[in-house]
Amino acid sequence: SIRQTPGGLPENHVFALLESSTGPGRSTYWFGTYGGGLAALSEGRWKVISEVAGHPMTSVRCLAQTALGDLWVGTVRQGLFRRQGGRWERVPVPARLARAEWRQLVEIRGRLWAATSEGLACLQGTAWKVWTAADGLPHGDVNRILETRSPDGRYTLWVGTGGGGLGRLDGDRWTRIGPAQGLEALWIMDLFLRQDAQGHPQIWVCTAGGGIWTLDLAGNPGRPEAP
């Protein structure tokens, strides 16, 4: 059954869902709500976390779990939070990100990457790096992140922005893919890696108003083939 307020879920606006294992055959389901905080459902029992060390955590936008089991919680203008070893903390972030909307959190090869309303951010250990339009990012408003690996072992980071099309990061070099390059959309909402009919890797690009586009790993846009 779908559990809604007042059946344990504190708010009916649910933006994120994550399942974490708590043992053989047991899971905790985490629900990020907008206005009600983070709700956890485990073995039929609900628990709601809406404050951490005096800091509100009521507007949850995204969730991620790392390989080490840490739970990360991105909020709408309330900061970034982490559950590590059963203990919660509000994570210090650069001043630019203090009032950001955290839209996606993903661990890539041991580093935490974040798509935010204030740019692309990466946390390695305790050191942050933030990219904005001034650093070559096509637009400072970031919605999605995806990393690909080419057959020869090169990694590329793809960044979907809200108004600047798609950004491609190779090493320290940014390339923009937008209308001038054949991608007739500026608002990128999601990125999905799959294989085409010939078995070649392909990125599906979901846009706001421009439909779905595809990219090969060289960054050449096209339209999806018929299912």
Pairs satisfying salt bridge (charged side-chain N to carboxylate O under 4.0 Å, His left out), at least one member in residues 38-52, at least two apart: Arg26-Glu43, Glu43-Arg45
Nearest 0.5 Å, please: how far is [atom2] in [Y] from [atom1] in [X]?
X      : Y      : atom1 : atom2 : result
Arg61  : Arg77  : CZ    : CZ    : 11.0 Å
Ile145 : Ile108 : CD1   : CD1   : 6.5 Å
Leu38  : Arg83  : CG    : CZ    : 9.5 Å
Leu186 : Thr161 : CG    : OG1   : 7.5 Å

Hphob cluster co-occupancy, Val106 + Val142, side-chain heavy atoms under 4.5 angstrom: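 They do share one cluster, since a chain of ILVMFWY contacts under 4.5 Å joins Val106 to Val142.
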Same apolar cluster (I L V M F W Y, side chains within < 4.5 Å links), Tyr29/Trp46: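 Shared cluster, yes.
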Qualifying side chain to side chain donor-acceptor pair (under 3.5 Å) pairs, either residue in residues 174-184, two or more places apart: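 Listed by first then second residue: Arg173-Thr175.
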Short question: side chain of [X], backbone of [Y] - any donor-acceptor pair under 3.5 Å?
X      : Y      : answer
Arg82  : Val73  : no
Thr207 : Ala185 : no
Ser117 : Glu101 : yes

If you compare all heavy atoms of [X] against all heavy atoms of [Y], which two are closest, and at what distance to 0.1 Å?
X      : Y      : answer
Cys62  : Ala16  : CA-CB, 3.9 Å
Ala121 : Trp128 : CB-CZ3, 3.8 Å
Val52  : Ile49  : CG2-CG2, 4.2 Å
Leu63  : Gly32  : CD1-N, 4.1 Å
Ile177 : Gly219 : CD1-O, 3.8 Å

Just jot down the side-chain contact (heavy atoms from CB on, under 4.5 Å) partners of [X], sequence neighbours excluded, or say none.
X      : answer
Leu217 : Thr148, Pro201, Ile203
Asp216 : Ala218, Asn220
Ser20  : Leu18, Thr28, Trp30, Gln65
Thr33  : Leu9, Pro10, Glu11, Val14

Going by side chain to side chain donor-acceptor pair (under 3.5 Å), name the residues that satisfy it together with [X], two or more places apart in sequence or in a different chain.
X      : value
Arg90  : none
Thr156 : Asp170
Ser150 : Asp152
Gln124 : none

His13 NE2: over 12 foreign heavy atoms closer than 6.0 Å: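 Atom NE2 in His13 is not packed in, count stays at 12 or less.
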Neighbour count above 12 (heavy atom, 6.0 Å) for Tyr34 OH: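 Atom OH in Tyr34 is not packed in, count stays at 12 or less.
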Pairs satisfying ring-ring contact (aromatic ring centres under 6.0 Å, His included), at least one member in residues 175-200, at least two apart: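 Of all non-adjacent pairs touching residues 175-200, none passes ring-ring contact (aromatic ring centres under 6.0 Å, His included).
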Qualifying ring-ring contact (aromatic ring centres under 6.0 Å, His included) pairs with a residue from residues 69-100, counting only residues at least two apart or across chains: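 Residue pairs with at least one partner in residues 69-100: there are none.
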Flag for [Y]-[X]: side-chain donor and acceptor within less than 3.5 Å:
X      : Y      : result
Thr58  : Gln78  : yes
Thr66  : Glu107 : no
Arg194 : Gln202 : yes

Any heavy-atom pair between the side chains of [Y] and [X] that's under 4.5 Å?
X      : Y      : answer
Val130 : Arg96  : yes
Val159 : Leu166 : no
Trp113 : Leu105 : no
Leu123 : Lys129 : no
Leu120 : Leu157 : yes
Val205 : Ile212 : no

Arg99/Glu118 under salt bridge (charged side-chain N to carboxylate O under 4.0 Å, His left out): CA gap, chis, key distance, verdict: CA-CA 9 Å; Arg99 296 287 293 168; Glu118 301 298 327; over 6 Å; no
